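See structure below.
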Amino acid sequence: MAAVSERSFIEICGFERETLPKFRDIQVNLGLTALPGGVKYPDSAGGFNYEESGKLLSVTSNRFIHWSTSGDTLQLVEQSLDTNLLNSAVRLKFLHCSLLPGGVHIQETLNTVVILILTNQTAHRLVLPHPASMYRSELVVELQMQSIFTDIGKLNLRDPAHSHILPALPGQLTNLGASAAWLSSEGDAHFALASGTGGILVVKLPPYDVQGSVVVLELKQSSVMQRLTGWMPTAIRGDHNPSDLPISLAVRQLENDTFIFALCQDHKLRMWSYKDQLCLMVADMLEYMPVSRDVRLLPGQGHKLRLSFSSSTGLCLAVYLSVPKRGQFCVLQLVSTESNRYSLDHISSLFTTQETLVDFALTSTEVWGLWLDNDNQTVVKYINFEHNVAGQWNQVFVQPPPEEEVNIGVDQDPRETYLEVLFSPVRFTAAAIMKALQRSIDMSWESLKKEVTVAVENELQSSVTEYEFSQEEYKQLQVEFWSKFYACCLQYQESLSVPLALHINPATSMVCLLKKGFVSFLLPCLPVDHLYLSSDENLSSEDETPVTEDPDLGRDVLQLVQCLRLVNVSVLGDMAYVMEKALEHLQSPERAAEQVLESLLANDSDSVIEDIQNKLQDIRNPIGAMSQPLSVRMSLSQLYSSSVAVTVLCQAVCQVAMTRELLCRDLLILQQLYLRVGDNVFLGGGSQLLQLQQDLIPRTSHLLCSYYLLKWAGQCLASPVPLDTLDANLQHLSVLELSDSPALTPNKSVLSPQTVVELFYQNVARKVIISQIHSQQSALLSQPALNWPQMVSTVLILLSQQLWPSNPGFLFPECLMGNCQYTQLQEYIRLIAPWCQVNVGSCRFVLGQCYLATGEGHKALQCFQEAAAEVEKEEFLLRLTGSEAEEAGTSPRLQYYNKAALRTRIFKHHLDLGHNSQAYEALTQNPDPSRQLDCLRQLVVVLCERSQLQDLVQFPYVNLHDEVVNIIESRARAVDLMAHNYYELLYAFHINRHNYRKAGTVMFEYGMRLGREVRTRQGLQKQVNCYLAAMNCLRLIRPDYAWIVQPVSGRVYERPGTSPKRNYDGESAAAPVNRQIEILELKDLEKEYILARNRLILAQHDPSSAGNTGSASAGEMVTLLVQAGLFDAALSLCKTFRLPLTPVFEGLTFKCIQLQYGGEASQNEAWNWLAANQLATVITTKETSATDEAWHLLASYLERHPSQNAQHHRCVINMLLSHGVPLPDWLVNSYKVVDTAALLRLYLSYDLLEPAVDLVLEYVDALLGKGHQYFGIERPLSATAPLVWLPYTSVDQLMQALNENQSNANNASLNSKLQDKLEEYHRLVEQATHHRLMGQ
């Protein structure tokens, strides 16, 4: 395998399945206008690797940034192979500017990542946080992390620290737009670009966080660097030969200097010292070209320059010299002398015949090239420039475009066939399909498929003019319209597949191909695949075969591969379809291969079969040659766990399986040809024919079926399954003691949709593979840097071994079973059943599980019985039957039929059939306590879902009473209160057993939770009913025992088996402190009931208030009821909780004031809340208004709810007077009876002098015997009557107020009346006093 890693690579395209990439769009507008006659630059791309990207457990492990430019738009994407990055894609649009090709340069510092961007008018510097500063932890285990682009929207890109407008350039920029940028050790940002006059312009921006001026410099041919203040074109204008125009720039910082390398149009390489302001070296590149006479006269428009630095070789340069009809790479090493002079040592010259070089990359040992050939197809090659004497380039097998035509079989539906091809995970990107559909909205994968179907079918229907078609005509129409849409998808896919650049990570040796619409990864090609995929030219030049060390056998293998390639070219679409359908329908591959061979022989117009026969005669040992391809079978941290890595690795498995399937197909056809020609090509005679027929052909057929299975798995999409279904499935599997198997990990993938192989890798296989690498190949992980080719080859081989159908391990089918992929699992078993003799019993067992899930119990029973015969032979079934509780001497087959499992099965089938009594009986007879408890839990849940609560309550549950209560309690506390009735079930359970206190406790807890969690009118109604039920339960108990323990508010009820709770730092959280137990008696429940009933009354009157009253106290509820006009309810609540009635009277008084001065609308609205209160029945002949009824209600309340010292009257009068409302006579009269002095004080408080004088006059008259009954005076003033009194203080205050306003005639009159009345009163008091003294 080491040889093949250095021989060839294969391209794997990690197609996304998101219908729209999650790009955030940001506009950069510096107020510029587009340059007249602006140059249109080609699209470009590039990448950046973090320094610690090859370090295991680093936060930047396997993490990189790639970018692409198109016109004025720059797309930046950060990707990781180890974890999923959030907010990782951003699209910057620079208005009225054009990005220079390759004008994006990224560098990292200790705490930041700096992105330097060059357009034709501006220079930009983006400073973003480094991942290491965002995540300080040494060990990163998050499945998702924030990208460095998360907060890029917060940057002010118009700020001078981020953006700078370039000065008017001399001669303008060239079409090539050569540029470079770097960050100095002091933090200065430098931008170098070529101007049309042949100079190199350097713009230096000060450090990001330092104030400073921008410096513009120009490197000139005269070797003088001029400092420019502002920009003075006259200072630098001169006549320069345009032949020295830089067409490719590169920068390298060495020691304390920065060297700028410029490859110019005159084929010369110039090296400038930025520190010394000198051109240190000029080297003619044509000196390294064998024939350069004609080339010197041509401008070097297509030359390119790349640098590479390593500690062992120093700085190396690679120059690509673009010459018509050929190209040449020169690899040079920079050498310095003691006198600070520099020269170049020639290391290697590499030649290529490819025409159009798109990009190339230089590493410390290799040159990688990316070309477009004459057919506009992508070509990638690489070569080791140190040890490749022959100059042979190694191949990269790029992923071919989808087939131009889709073969439709006679029995196939065109729509289904085209949809299968379009939505295959390895053919088209979602973006291509969206563009063909002309949609730009985000939608799911399934929705996109439906949209495509509807669009094509609608177009078909709109073009039909006839109403009747034959089936064949309609099928032809379908093919026509679907092929049009397919051709459109092909065009967009081709556009998105245009290559822009190569991206290589020197630390990990990972190579990526950056294309216009996606990124592809290069993976090492396995030996057999390398031979089969190699072109005829490369195959003929193979000097050694990577599958064998025997040279003679190697030549035979190469000859055999050439024959296989001829067979491959001859097998056209119809013949390939025959083989494919034979495998799908479980027909004999040998018979299908024989049928294809007969077709080839019948149509061999080009004598291909004759050529194959001639080549076969040159193979000396055909049996040995054919055995070589058949013998090579596909054999901690968050490493390779991101969605990108999952897609790439799993598509690689699928890609290899597709290649191997074709190889085995062609080999099987070739073997059938061997049988037909017989002794003409076999030197060994009949024994070799017999070995071919009895050994090699069956092995080839077996491998063909195996690779077809892997290809199917790599393209088969997994079904989305709800989490509750997955949890229920794991509970069912726990009966089999399989729920702790690594293959039954719940699916936590973020890919949607995902193939079943991706599902398996992400949830099961990745952990197993990493564990195997740790234990068996720890050297891979102990290297200084992770090596991508070695690591990915190892992961692919181990993943393929886990998927291989004849692998004794059974993790893949077990994973499908655990993740409820029943349809896919049944298809998997159908495909392997005829030919795979490994894990036969295990397959029958999981198939039985599938039948159980789909309700086919009779089929499941048959499968379980068939699996019993294989119990002692297979690892999965042995693990299934193993149990510590079983006796050591018990055979596995008896354990398979053990009593506990049998009773569990009987219970489940009875329960599925609705035989509740029999299911309960089987449950009670189960000898395994844990399985018995599982069955009991399942019985409770199923009967509740079926609403068969009568059976559930009436079962006796001997020795299981507490377990049933715990199960129902845990379910009640874990599910939605309004969707399930577990509390009511538990209440009925306790009532049926006359445990009234428990029943009351259950209903009170139910009511408490309803109040907290269900803030609706329906929830309040249920809460009231719950409290009524709880009160009734306590009334059925003797008073001494009529109490319950109050459930703790907000308590978290721990269920058995739950993981311990942890705090933010990941440490175990402290256990909650036990609170003091609170006992609730019947009177406490009655209070809670009344409070809940008032909440319900308020919600019935005002539905919008239901969500606000759930936690309101009694005092708060009084306020809410008063605001709603529910005064009867408010008074009742105040009486219950012994709250003052003042808020009620104040609220009702305010309502009366509003009605008194409100309009008709307020009158109509008032009837709503008046109707909710018990109004006084008054017989009247006229129609009563709402205002009158409100006053009547207030009067009735004052009468029905007397208070000490008439506090209620006082608050009502105070409210009226504060709002300037005249007091009603009935209110004044009623208050005069109770407390005249208080009324007088209220008048004085509000400066009501005239009413106060009238009150004093009336009161004095009452004391003197005139109307004394209206003031509550039993007997007026006389010598024999009890003593009377007058509120002199208030009267004095009144007189004082009148005296102070004598200028007012009315006040003077009132004062006079009051003085006269008081003199009369004093005179009569003196008389009465004299008479009383005389009578003593």
Side-chain angles (χ1 to χ4, degrees), residues 14 16-18 20-28 45-55 57-69 73-93 104-117 124-157 162 183 208 431 442 503 505 507-508 510 512 514 517-519 521 637-648 748-752 762:
E16 87 290 343
R17 296 187 198 114
E18 293 179 349
L20 283 180
K22 306 302 184 193
F23 278 100
R24 288 176 295 154
D25 290 298
I26 298 175
Q27 280 195 353
V28 183
F48 163 76
N49 301 295
Y50 291 98
E51 288 185 7
E52 294 189 347
S53 59
K55 181 180 177 182
L57 303 182
S58 168
V59 72
T60 56
S61 170
N62 290 311
R63 188 163 168 174
F64 62 99
I65 300 172
H66 63 87
W67 52 266
S68 63
T69 66
T73 302
L74 167 64
Q75 292 186 164
L76 290 160
V77 180
E78 186 181 21
Q79 285 191 335
S80 170
L81 300 179
D82 294 350
T83 186
N84 294 312
L85 300 178
L86 303 175
N87 306 306
S88 60
V90 65
R91 182 161 38 214
L92 301 173
K93 185 178 181 67
V104 179
H105 307 269
I106 305 176
Q107 286 184 240
E108 63 178 313
T109 66
L110 186 62
N111 295 313
T112 62
V113 175
V114 182
I115 303 177
L116 305 177
I117 305 168
H124 304 268
R125 170 177 54 192
L126 308 182
V127 181
L128 303 172
H130 195 280
S133 65
M134 297 170 65
Y135 292 87
R136 296 290 185 182
S137 173
E138 289 294 327
L139 181 63
V140 178
V141 296
E142 288 91 343
L143 293 176
Q144 294 181 332
M145 295 173 62
Q146 292 291 344
S147 166
I148 65 169
F149 298 129
T150 297
D151 295 329
I152 193 173
K154 298 179 180 179
L155 299 180
N156 180 12
L157 298 183
H162 293 293
L183 200 67
Y208 172 74
D442 194 6
H503 172 61
N505 186 340
T508 64
M510 182 184 72
C512 297
L514 305 180
F518 55 90
V519 179
F521 295 79
S637 61
Q638 298 297 315
L639 186 66
Y640 301 149
S641 65
S642 73
S643 57
V644 176
V646 171
T647 303
V648 169
K748 297 179 180 178
S749 171
V750 296
L751 282 176
S752 181
Q762 196 158 20

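Counting from 1, the numbers follow the sequence of the chain as shown. Hydrogens, waters and symmetry mates play no part in the numbers below; they use all other heavy atoms, side chains included. Note that the structure is a prediction, hence the values are computed from the model and not measured.
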[atom1]/[X] to [atom2]/[Y] distance, rounded to the nearest 0.5 angstrom?
X      : Y      : atom1 : atom2 : value
Met145 : Leu86  : CE    : CG    : 9.5 Å
Leu74  : Ser68  : CG    : OG    : 7.0 Å
Phe521 : Thr647 : CZ    : OG1   : 9.5 Å
Gln75  : Arg91  : CD    : CZ    : 5.0 Å
Thr508 : Lys55  : OG1   : NZ    : 15.5 Å
Asn84  : Gln79  : CG    : CD    : 10.5 Å

Short question: side chain of [X], backbone of [Y] - any donor-acceptor pair under 3.5 Å?
X      : Y      : answer
Asn111 : Ser133 : no
His66  : Gly46  : no
Thr112 : Val114 : no
Glu108 : Glu51  : yes
Gln107 : Leu183 : yes

Which heavy atom of [X] sits nearest a heavy atom of [Y], and at what distance?
X      : Y      : value
Leu76  : Phe23  : O-CE2, 4.2 Å
Ser53  : Asn505 : OG-ND2, 2.9 Å
Glu78  : Ile65  : CG-CG1, 3.9 Å
Trp67  : Gly47  : NE1-N, 3.7 Å
Ser147 : Arg63  : CA-NH2, 4.0 Å

is_close_aromatic(His105, Phe48), centroid dist under 6.0 Å: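 Between His105 and Phe48, the centre distance exceeds or equals 6.0 Å.
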Leu157 vs His124 side-chain heavy atoms within contact, under 4.5 Å: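 The answer is no, as the side chains (C-beta and beyond) never meet within the 4.5 Å cut-off.
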Close side-chain approach of Val519 and His503, heavy atoms under 4.5 Å: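 Counting from C-beta outward, Val519 and His503 never come under 4.5 Å.
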Test ring-ring contact (aromatic ring centres under 6.0 Å, His included) applied to His130 - qualifying residues, sequence neighbours left out: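 Listed in chain order: Tyr50.
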Between Thr83 and Ser80, a side-chain donor and acceptor under 3.5 Å: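 Note: Thr83 and Ser80 side chains miss the donor-acceptor criterion.
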Single hit among Ile26, Ile115, Leu126 for side chain to side chain contact (heavy atoms under 4.5 Å, CB included) with Phe149: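 The side chain to side chain contact (heavy atoms under 4.5 Å, CB included) with Phe149 is passed solely by Ile115 among Ile26, Ile115, Leu126.
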Partners meeting side-chain contact (heavy atoms from CB on, under 4.5 Å) with Asn87 (sequence neighbours left out):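 Arg24, Gln146, Thr150.
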Criterion side-chain contact (heavy atoms from CB on, under 4.5 Å) on Asp25 and Lys93, from CA distance to verdict: CA-CA 8 Å; Asp25 290 298; Lys93 185 178 181 67; over 6 Å; no
